[in-house]
Amino acid sequence: MGLFILRRTGVMIMTALCLTFIVFFLTNLYPNLEKLAKTEGNFRMSDEAVASWLNKNGYGQPMAVKYGQWLGVVPGWTYVSDAGVSGRCVTGTVPPEVAADAPRFCGILQGDWGYSTRFKTGVGDIIQTRLGNTGYLMMWVLILMIPSALIVGVLAGMREGSAMDRSLSTLSIMTTATPEYVSGVIFIAVFASTTVGLNWFKGTATAAMENPTFENFFLPVLTIALYGMGYIARMTRASMTEVMTAQYVRTARLKGVSFPNIVLKHALRNALIAPFTVIMLQFPWLLNGVVIVETLFNYKGFGWALVEAASNNDIELLLAISVVSVIVVLLTQLIADIGYVFLNPRIRIS
Amino acid sequence: MDPLTWTGSLAFLNMIFAIALVAMAAALVIWMLLSILTAGTRHVANADGTMTLAGNPQAIAGLGVKFSCLLVAALALAYVVLGLILGSDAGILGAISRQLLPTWVALLLLFGLSVSFKRRLGLYGKLFDSPIGMIGFALVMFWVFTGLFGALDLIATHDPLGQISGMKNKVPGTPVRGADEGDYAWYLLGGDNLARDVFSRVVKGAGEVLKYAPLATLFAFMVGITLGLPAGYYGGRLDTALSFIANLILAFPVILLFYLLVTPEIVATGLPQFMAVVLFAFPLVFCAVLIHSRFRTQPGKNRIWLAVVLLPIFLTYMSLINSAGSKIDFWPLDFFEVPGGVLVVFVSVVFVNSPTVFRIVRGLAMDIKTRDYVAAAQTRGERPWYIMLWEILPNVRGPLIVDFCLRIGYTTILLGTLGFFGLGLPPESPDWGSTINDGRKLLRIYLHPALPPAVALMSLVLGLNLLADGLREESLKD
């Protein structure tokens, strides 16, 4: 088991390195840097001015060196001019004596996430606040999604082919066929517009960042939860129908155990092993949904930051975002694998 | 011209329809509740040798559901048929139904022919034994025909890009201001915030979506199959390396990838085009290996087949990746020009979809390679690629066809996501995602620009899901 976790962690770190390098490569292509120089400096810069701006700000170095600096395994760049020294590890332009005291390495290994050119603050702070907002959203999504998906799946799967099964299965197919941007639009149209006139909820969740209430927070949560719910419910149903035809359930039934008892005491525990993995592997998709819903409802979280960073080529923020999302995805995969082994004694041998 | 109401002279049906809907909902709820509370219907053999049904409330509720569903369906059909006859006298619904006449005729023909010959049509024919599959197939074909006839200009009432002054954000059924003799007199589903006709845009959008989604899925399948079969069959290092790459792409947040690939700066570097060179080569490789592995021992036949199949594909491939004035521009025979953003969108969608297909094919190949017929082929001395493509692949077609249907739906959703973020496709493109994105800004005041494309996308994806479900059910029955 220890070796398994160790190996998975190794693969995880390698994946994270590869992915961040791809993001790094794409964001550091010359046309992107040129656009960055022009938005930071001024739009009518000549090609020489762009080149000198890039040199001054450390973007002119080879790709591998820059990546090493961002990681923190290569000393940060410095640029000496008449005005003083500027550099990766130095804030602003300072006299040489001050610059000499600055640390030589400052990458993410040293806990320095860099500086966001879009928000003009440290990337670490942005990630923290935005991730906090999204974490709160995700918490409520999971609280709504998991129990309802499991209940729907178990109810549908306990009697295969019954009225309950057919209606609930159709319902879950319908929710999987409705992407967030469709269901979100329909919910806003029905529950938050002046035309239909129901006005039960707020159409934006901007206020929910300080003061989340049922009125301004329920629609975004429901929109994300609904899309993920159908899939989990279908997997739970499949697992439940399989368990209900197992030998030991038939034995229990022949012994005269009542139907509710069979479901609750015998079938449920075994039926919930498979959905656990599915729920864990659902996280990358939830991340996707978060981006759409945060844009649609104007909730300034992690997904919103992603869209802002990507449309402004904010390199360090984008890198930080990809690191965080890759870690979330790989960590949930790891938990899914380990959890599966713990929950299912039959495959614990390897 | 007067503005149209929703149902016009058919308004007397509305009350009945509402009652039927309520009855159906009530019947459904009762049916579901009874199925929890009672044990369900079962046959009971009586002492005198007769059979009776026990658990009658359940059976009665089931009948109620059946009849109320039939009633709702019949009324919906009445709206369509009467609308066909009355045209715009039957309000907006009637006018839309009249516009969709080619679609109805095509659907009727298709279903009539398919049902009458269903015993001779293999898996496709069996689809017509499952009601779920039939509903799904009908929904999908409805949009396919609408897209097709829409592209032939048989359905749309106005130019999807044309703006008519005074029609900005007008509600459905508004008469067109200053319409000439030949023009259609109404905006059937209203105008959007640039005064374009929503109905025509949805119809044209169906064509856009159905042009890209199935093709992109097909390419993703080619890539996934060509890489997944050897990974599953050989295993070992190759499998480890390919799986690592697949997991790498899967761990990437999809939207971040889209943003990185689709921005004009990246497009200017030619990166998406180089990716197209690699990804679009897979169909070529796939077909070449497919034919060669089969006819390896008959050189004459082999050459003819390779020439006949590969030459057109090669020419298409070359004109696909070549585009005048971009990084790749060397091939003289450039037959068609793919519009700028479309290639990029296509490449990113294929790129995102292929790892999942790879994983499915790999799993299936690992399962099938232990079968006896594979061992028999190995003993015969067949080459590995022959075994993979002519022994394993035909035997995994069931799950692959089902996944193909599901994946078209998923690709449609992805294309919509791209449109929703305004990435790639040109901004005035009528595809559903872009239209939803345009419409959502004023959503709290005007519903009509955003809702029709949203409902259209939902119904298409739902149809594909139901179709996949029906196919799975029918293919498992063998």
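Just so it is clear, the values below take in all heavy atoms, side chains as well, and ignore hydrogens, waters and symmetry mates. Every chain is numbered from 1 and lettered A, B, ... according to where its sequence line falls, protein lines coming before strand lines.
Proximity of B/Arg440 to A/Ile188: side-chain heavy atoms (C-beta onward) are nowhere separated by under 4.5 Å. Counting only heavy atoms from C-beta outward, the side chains of A/Ser167 and B/Trp31 approach each other to under 4.5 Å. For the pair B/Asp469 and A/Arg234, the minimum side-chain heavy-atom distance is below 4.5 Å. A/Met164 places none of its side-chain heavy atoms less than 4.5 Å from the side chain of B/Leu34. The shortest side-chain heavy-atom distance between B/Leu260 and A/Leu318 falls under the 4.5 Å cut-off. The closest side-chain heavy-atom distance from B/Leu256 to A/Ser322 is below 4.5 Å. Side chains of A/Tyr181 and B/Leu457 form a contact here, defined as non-hydrogen atoms less than 4.5 Å apart. The shortest side-chain heavy-atom distance between A/Tyr227 and B/Ile413 falls under the 4.5 Å cut-off.
Contact of B/Leu271 with chain A is made through the side chain alone, with heavy-atom distances under 4.5 Å. For A/Leu306, the part lying under 4.5 angstrom from a heavy atom of chain B is the side chain only. Heavy atoms of B/Ile255 lying under 4.5 Å from chain A belong to its backbone as well as its side chain. The contact between A/Leu26 and chain B is made by backbone and side chain atoms together, counting heavy-atom distances below 4.5 Å.
By the 6.0 Å contact criterion, CE on A/Met280 is enclosed, its count of non-hydrogen atoms from other residues, nucleotides or ligands being greater than 12. Counting non-hydrogen atoms of other residues, nucleotides and ligands closer than 6.0 Å to OH of A/Tyr231 gives a total of 12 or fewer. The number of heavy-atom neighbours closer than 6.0 Å to CZ of B/Phe67, taken from other residues, nucleotides and ligands shown, is 12 or below. Within a 6.0 Å sphere centred on CZ of A/Phe259, heavy atoms belonging to other residues, nucleotides or ligands number more than 12.
Summarising the geometry, atom CG belonging to A/Asn32 is positioned 4.5 Å from atom CD1 belonging to B/Ile266; distances are rounded to the nearest 0.5 Å. Once rounded to the nearest 0.5 Å, the distance linking CE of B/Met32 with CG of A/Asp165 reads 10.5 Å. From B/Leu248, atom CG reaches atom CE of A/Met14 across 9.0 Å, with rounding to the nearest 0.5 Å. Taking OG1 of A/Thr176 as the start and OH of B/Tyr410 as the end, the distance is 13.0 Å to the nearest 0.5 Å. Within the model, atoms CG of B/Asn247 and CE of A/Met12 stand 13.0 Å from one another, a figure rounded to the nearest 0.5 Å.
With respect to chain B, the highest number of heavy-atom pairs below 4.5 Å among A/Leu287, A/Ile292, A/Leu29, A/Ile186 belongs to A/Ile292. Your options are B/Gly416, B/Pro253, B/Gly409, B/Ala450, and the one with the most heavy-atom pairs under 4.5 Å with chain A is B/Gly416. Most heavy-atom pairs under 4.5 Å with chain A: of the set B/Asn465, B/Thr417, B/Asn437, this distinction falls to B/Thr417. Most heavy-atom pairs under 4.5 Å with chain B: of the set A/Val328, A/Val291, A/Val11, A/Val326, this distinction falls to A/Val291.
Nearest approach of B/Ala454 to A/Val182, heavy atoms of both residues: O-CG1, 3.5 Å.
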(request) Output, in order, the C-alpha distance, side-chain angles, deciding distance and verdict of side-chain contact (heavy atoms from CB on, under 4.5 Å) for A/Leu19 and B/Phe252. (result) CA-CA 7 Å; A/Leu19 276 182; B/Phe252 225 114; 2.9 Å; yes

(request) Verify side-chain contact (heavy atoms from CB on, under 4.5 Å) between B/Phe420 and A/Leu296, making sure each step is shown before the conclusion. (result) CA-CA 10 Å; B/Phe420 180 78; A/Leu296 189 62; 3.8 Å; yes

(request) Under the side-chain contact (heavy atoms from CB on, under 4.5 Å) rule, what do B/Phe421 and A/Ser311 come out as? Steps first, then yes or no, please. (result) CA-CA 10 Å; B/Phe421 284 103; A/Ser311 37; over 6 Å; no

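In terms of modelled atom types and a separation under 3.5 Å, the side chain of B/Tyr259 and the main chain of A/Ala309 share no donor-acceptor contact.
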